[in-house]
Number of protein chains: 2
Amino acid sequence: MNLKQLAHMLALSQTTVSRALNGYPEVNEETRRRVMDAAKRHGYRPNPSARRLATGKTGMIGYVLPTGASVDIDPHFVEFLSGLGDYARSHELDLVLSPADADDQETTYRRIVANRQVDAVYISSPRPADRRVALVNTLGIPFIVHGRSEGFDFDYAFTDIDNEGAFHEAARLLIQLGHRRLALINGDDRETFAIHRERGVRRALAASGLSLSERHVCSVDMTEENGYRATRRLLEEDDAPTAIACSSLIMALGVVRAVRDLGLSIPGDVSLIAHDDVFPWLRPENFSVPLSTTRSSIRLAGARVAERLAARISGLEEGARGEVWPVDLVVRGSVAGAPG
Amino acid sequence: MNLKQLAHMLALSQTTVSRALNGYPEVNEETRRRVMDAAKRHGYRPNPSARRLATGKTGMIGYVLPTGASVDIDPHFVEFLSGLGDYARSHELDLVLSPADADDQETTYRRIVANRQVDAVYISSPRPADRRVALVNTLGIPFIVHGRSEGFDFDYAFTDIDNEGAFHEAARLLIQLGHRRLALINGDDRETFAIHRERGVRRALAASGLSLSERHVCSVDMTEENGYRATRRLLEEDDAPTAIACSSLIMALGVVRAVRDLGLSIPGDVSLIAHDDVFPWLRPENFSVPLSTTRSSIRLAGARVAERLAARISGLEEGARGEVWPVDLVVRGSVAGAPG
DNA sequence: AGAGTCTTCCAAAGCGCTTTGGCTTTCTCG
DNA sequence: CGAGAAAGCCAAAGCGCTTTGGAAGACTCT
């Protein structure tokens, strides 16, 4: 059942039927009702390919997925996706993932924009002066950045959490508890979130006349194993830290294992605070020693990004508004006063 | 730059240019070269929307993503996606995720097929007599099932791993080590994979005249917490099992924690084997006691599914061939002879 | 009653590609 | 040398929708 047939059986022109269906004002309400009714009764659904060709609108939002044998997609991604999908569903938006060589995403961005394959895109895990952000900005497609980039001469729309504030608070708490030597086990420090977290820790330390030793901060892929290794290295030094801030729950698993392997205990010998993106399958309160966290649901962020993308597509949202969500500091058993 | 312009500047018809570009035989090789060359030089890329409208081909593969506030997407999904994306990239295929109410996916399947939104779909986590499989089969769109359904009067194409064989081997090993009371901490037993795993364990036990107590098998969402709870419950009983088979590494984390909380040890008091889908961020060899596993890379499965979908789209693969991959049994420190 | 204004609808022109059917031109071969 | 076949190209008709530019009729107002 296509528009032509529907129009014919209603003895109307395609124009009128199309307009009736799309809510244009220049059609009699009575006629509109008739059309709507017939459309529903015959299960008419406009062909999206045709509509796309005519309007350029796709009803899809895009994401360029970095791939490659050595590229691991974060488990965070799936949780973000849950939120995004949940919102997208309610607005009949689909999500198209365009896999790209991790080292050449530009080609793919250009392609999906030039081809009008999606109405908007989002960008995640941005770095300072991220080329993707600059690119989509010049390409002129609506977009939202999940996280923040920095150092551009233009503004852009983003949704981020207050990473610096979160880790500042976490560090401040540890310092108040008497810790003097903190360590930070961070994610990839080429990404903005990691930079902000480190900045937060440093700022808290500086406020008390302390500082973060270079040897006490490390930047690694956020796996359990890397958490373990980093912790072993940290705790086997002479001036081992008495408190650790850690950028992910998964790494925290490794931290806990390392501490145990060394015959030490949490929080007796080492206090630990990790960032929790709120995975349903791994909860900080269920760690052997309940884990203190800086908490922010990445799933909610996904929903919010979808919401803003939808708003931008339909023209409800404009401009370069960035929003920064506060992060909860949740104190549990894994922190205590400094030993000695 | 569209076809019309390109044709005009080459002083050829659109027909000829189109044919030259698409490899049709009725065009002079010399002409084809000229066309190809000009196309490349001017960066001509056919407009996919137009091509779609004309041919019905989209260059996209589809997945219906169950969503809802209470629906969690598995971290397995992202790893599968890595593999899928990696292959899809090399074939210029995009993946479209269509979010659907978890309780009404049928509407979405019908929509994406009726609208010709994708060239093929895949289905994951199937159950016996899965309605989605029956549906896409009747809808007539090319598809691959990742996993297996059962109980249809038709055949279909799938890629699965030998879950029954894997857990049969695992159980057999435990039995050989003298264990008599096994337990199975399984995933959702409405899904085929879980049914097959349970069957494998039962078959191994039966072969030695043993059986799996109903109280020793449980079916839960695969979270750390559920692994913990199940293990506590199991080990606090009178006839507590001496060996546990577990359907995921994440649950195994909970198992390990529970065993420790109870003052018991692995493998001294309890042997443990878990299934490992091979996550880069959590490795069984790095558990405090290195974990024995049945191992199969879900990422490779993703790549394989993409490969088969691509083959089906281009007509290279036909028929209802199902393939079942063997699973490695990797023995590490978490298994030992039965205590006592 | 005639001019002007709405209201309501329509024919037709795109959107950019593929594909059908046919028209020249060249080649082949008895 | 002329008929038939093959090669190489083209014009035009879709694909199914939106949107432009009217047109016809109904209504208002002087």
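Quick note on labels: first sequence line is chain A, next is B, and so on, each numbered from 1. Everything numeric in this text was worked out from a predicted model, so none of it was measured.
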May I ask you to list the residues of residues 3-15 of chain A, by number, that have any heavy atom positioned under 4.0 Å from an atom of DNA chain C?
-> A:A11, A:L12, A:S13, A:T15

Using a cut-off of strictly less than 4.0 Å, decide whether B:N28 has a side-chain nitrogen or oxygen near OP1 or OP2 of D:dA7.
-> no

Separation of C:dC9 C1' from A:E30 CD (nearest whole Å) | 14 Å

Please answer whether the main-chain N or O of B:G59 pairs with a side-chain N or O of B:R52 as donor and acceptor at a distance below 3.5 Å.
-> no

Are OP1 or OP2 of D:dT19 and a side-chain N or O of A:Y24 less than 4.0 angstrom apart?
-> yes

So A:Y122 and A:Y63, would you call those rings parallel, tilted or perpendicular, with 30° and 60° as cut-offs?
-> parallel

Nearest-Å distance for atom pair CG/P, residues A:N115 and C:dC17 | 10 Å

Between residues 31-46 of chain A and DNA chain C, which residues have a heavy-atom gap below 4.0 Å?
-> A:T31

Where the side chain of B:V27 is concerned, which of D:dC9, D:dT18, D:dC17 is the nearest nucleotide?
-> D:dC9

Atom CG of B:L53 and atom C1' of D:dT18: how far apart are they, to the nearest Å?
-> 12 Å

Got a donor-acceptor contact below 3.5 angstrom from the B:R132 side chain to the B:S124 backbone?
-> yes

Can you tell me how far P of D:dT19 sits from NZ of A:K57, to the nearest Å?
-> 11 Å

Mapping B:T16 and B:S49 onto DNA chain C by nearest heavy atom, which one lands closer to the 5' end?
-> B:S49

So, the side chain of B:R32 versus the backbone of B:A20: is there a donor-acceptor pair under 3.5 Å, distance only?
-> yes

Within the side chain of B:T192, is there an N or O that forms a donor-acceptor pair under 3.5 Å with the backbone of B:R148?
-> yes

Taking CD from B:E29 and P from D:dA7, how many angstroms apart are they, rounded to a whole number?
-> 12 Å

Among the nucleotides D:dG16, C:dT19, C:dT18, whichever has the atom closest to the side chain of A:A54 is D:dG16

Contact class for B:T55 vs. all strands (heavy atom < 4.0 Å): base, sugar-phosphate, or nothing?
-> sugar-phosphate

Should the pair A:Y87 and A:H91 be assigned to parallel (<30°), tilted (30 to 60°) or perpendicular (>60°) ring geometry?
-> parallel

Measure the distance from CD on B:Q117 to P on D:dC15 and round it to the nearest whole Å.
-> 20 Å

Please state whether the phosphate of D:dC15, meaning OP1 or OP2, lies under 4.0 angstrom from any side-chain nitrogen or oxygen of A:N2.
-> no

Rounded to the Å, how far apart are A:R51 CZ and D:dG16 P?
-> 15 Å

Should the pair A:Y156 and A:F152 be assigned to parallel (<30°), tilted (30 to 60°) or perpendicular (>60°) ring geometry?
-> perpendicular

Spacing of B:E26 atom CD relative to C:dG22 atom C1', expressed in whole Å = 13 Å

Indicate yes or no: does A:E106 engage A:R110 in a salt bridge with an N to O separation below 4.0 Å.
-> yes

Is any NZ, NE, NH1 or NH2 atom of the basic residue among B:R299 and A:D72 found under 4.0 Å from an Asp or Glu carboxylate oxygen of the other?
-> yes

Side-chain donor or acceptor of B:R116 paired with backbone N/O of B:T58 under 3.5 Å | no

